[in-house]
Amino acid sequence: MSWEWDVIFENYPRLLEGTLLTLELVLFSGFIGLMLAVPLALMRISKRPWLQAFPLAYIFFFRGTPLLIQIFLVYYGASQFEFIKNSALWPILKEPYWCAIITFALHTAAYIAEILRGAIQSIPKGEIEAAKALGMSYPLMLRRIILPRAFGIMMPAYGNEVILMLKGSALASTITLLDLTGMARTIIARTYTPLEIFFAAGVIYLIISALLVFLFRYMEKRFNRHQHWPNEKPKDLDPQH
């Protein structure tokens with residue numbers, strides 16, 4: 001068996017085109033998923049059972065079913081209903097690009113919501129009580145205390161979820177999208193070099209994952225910068241007084 005490096009270099013621009021689509025899917029679905037996850041997490045920690053019912057069912061479904069099935073339900077299932085085909089949503093739902101983003105966003109929102117819920121519940125009670133003692137309203141506590149602290153706590157787990165979403169985005173190729181994996185499969189069908197092309201695609205995935213790891217480590221330090229302040233005694237204090 002001979003290894004053909006030339007086929008990798010010749011098709012590298014096409015692999016980069018697929019990489020750009022993969023990044024778009026992860027970026028847009030990740031942002032939408034995060035926006036959906038915040039209210040879901042807040043409803044999960046509510047003391048009202050009727051508020052907890054919807055996020056519990058939502059999270060149970062999207063965490064309990066495979067992502068591939070969810071993609072097929074959105075992409076193929078929407079066309080089975082006439083009221084959807086006659087609605088204003090049909091121009092969006094008939095496109096595989098938007099079906100993939102919607103599915104990935106709904107899927108990752110369920111995982112992020114649980115991560116965020118755990119982070120909120122792990123915030124020391126004293127910090128919440130101190131905010132209440134200062135007379136902060138609940139929306140103000142959310143904006144200044146609860147959510148910033150929760151994001152700092154959840155950042156490592158959130159980074160893992162984004163990387164999992166990056167790898168899960170390869171399933172977009174099952175609905176005709178030429179993401180990185182889909183483009184690799186198209187090139188292989190023409191060149192009959194699966195090892196070389198899948199190796200090149202795997203290297204690109206590894207590079208993106210490494211960049212995401214560094215990004216989330218930086219973000220974790222930013223959100224938790226109070227934990228990295230130097231623990232030094234001020235020089236102008238005299239211990240004798």
Looking at [atom1] of [X] and [atom2] of [Y], how far apart are the two atoms once the value is rounded to the nearest 0.5 Å?
X	Y	atom1	atom2	value
I45	Q52	CD1	CD	9.5 Å
L21	L180	CG	CG	9.5 Å
I112	Y158	CD1	OH	4.5 Å
T174	I71	OG1	CD1	5.0 Å
I101	E95	CD1	CD	11.5 Å
M136	L142	CE	CG	11.5 Å

Quick one: closest heavy-atom pair of [X] and [Y], and the distance?
X	Y	result
A170	D179	CA-OD2, 3.4 Å
A119	S122	O-OG, 2.8 Å
S29	M165	OG-CG, 4.5 Å
I102	L93	CD1-CD2, 3.8 Å
G168	L67	O-CD2, 3.9 Å
A100	A172	CB-CB, 4.4 Å

Same cluster or not: [X] versus [Y], using hydrophobic residues (I, L, V, M, F, W, Y) connected whenever any side-chain heavy atoms lie under 4.5 Å apart?
X	Y	result
Y111	L68	no
F199	I204	yes
I92	Y76	yes
L36	L164	no
V162	F214	no

Taking the side chain as every heavy atom from C-beta outward, state whether [X] and [Y] have any pair of such atoms under 4.5 Å apart.
X	Y	result
L27	F31	no
Y205	T19	no
R149	P124	yes
F216	N160	no
T191	E196	no

- Message: Heavy-atom count check: over 12 atoms from other residues, nucleotides or ligands less than 6.0 Å from W90 CH2?
- Response: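 More than 12 within 6.0 Å, yes.
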
- Query: Counting only heavy atoms not in F61, do more than 12 fall under 6.0 Å of its CZ?
  - Reply: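 Yes, because the 6.0 Å sphere around CZ of F61 holds more than 12 heavy atoms from other groups.
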
- Which pairs, with at least one residue in residues 41-62 and sequence neighbours excluded, count as a salt bridge (Lys or Arg N to Asp or Glu O under 4.0 Å)?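 Checked against salt bridge (Lys or Arg N to Asp or Glu O under 4.0 Å) - neighbours excluded - the pairs reaching residues 41-62 are R44-E114.
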
- Considering residues at least two apart in sequence or located in another chain, which fulfil the side-chain hydrogen bond (donor to acceptor under 3.5 Å, both in side chains) criterion with R185?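 side-chain hydrogen bond (donor to acceptor under 3.5 Å, both in side chains) list for R185, sorted by chain: S173.
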
- Message: Treating T108 as the side-chain partner and G33 as the backbone partner, does any N or O pair qualify as donor plus acceptor under 3.5 Å?
- Response: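 Answer holds: no.
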
- Message: Given 3.5 Å as the limit, does a donor-acceptor pair link the side chain of Q70 with the main chain of F62, or not?
- Response: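 Judged by distance alone, yes, a pair lies under 3.5 Å.
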
- Kindly indicate, with the supporting measurements, whether the criterion side chain to side chain contact (heavy atoms under 4.5 Å, CB included) is fulfilled by I8 and T193. CA-CA 9 Å; I8 296 177; T193 54; over 6 Å; no

- Could you give me the CA-CA distance, side-chain angles and deciding distance for F223 and I153, then say whether side chain to side chain contact (heavy atoms under 4.5 Å, CB included) is met? CA-CA 8 Å; F223 277 104; I153 295 170; over 6 Å; no

- Message: We want to know whether T103 and Y75 form a side-chain donor-acceptor pair, criterion being a heavy-atom distance below 3.5 angstrom.
- Response: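 No, Y75 and T103 have no side-chain donor paired with an acceptor closer than 3.5 Å.
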
- Taking only residues two or more places apart in sequence or in another chain, which ones pass ring pair (Phe, Tyr, Trp, His ring centres under 6.0 Å) with W5?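 With neighbours one apart ignored, the set is W3.
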
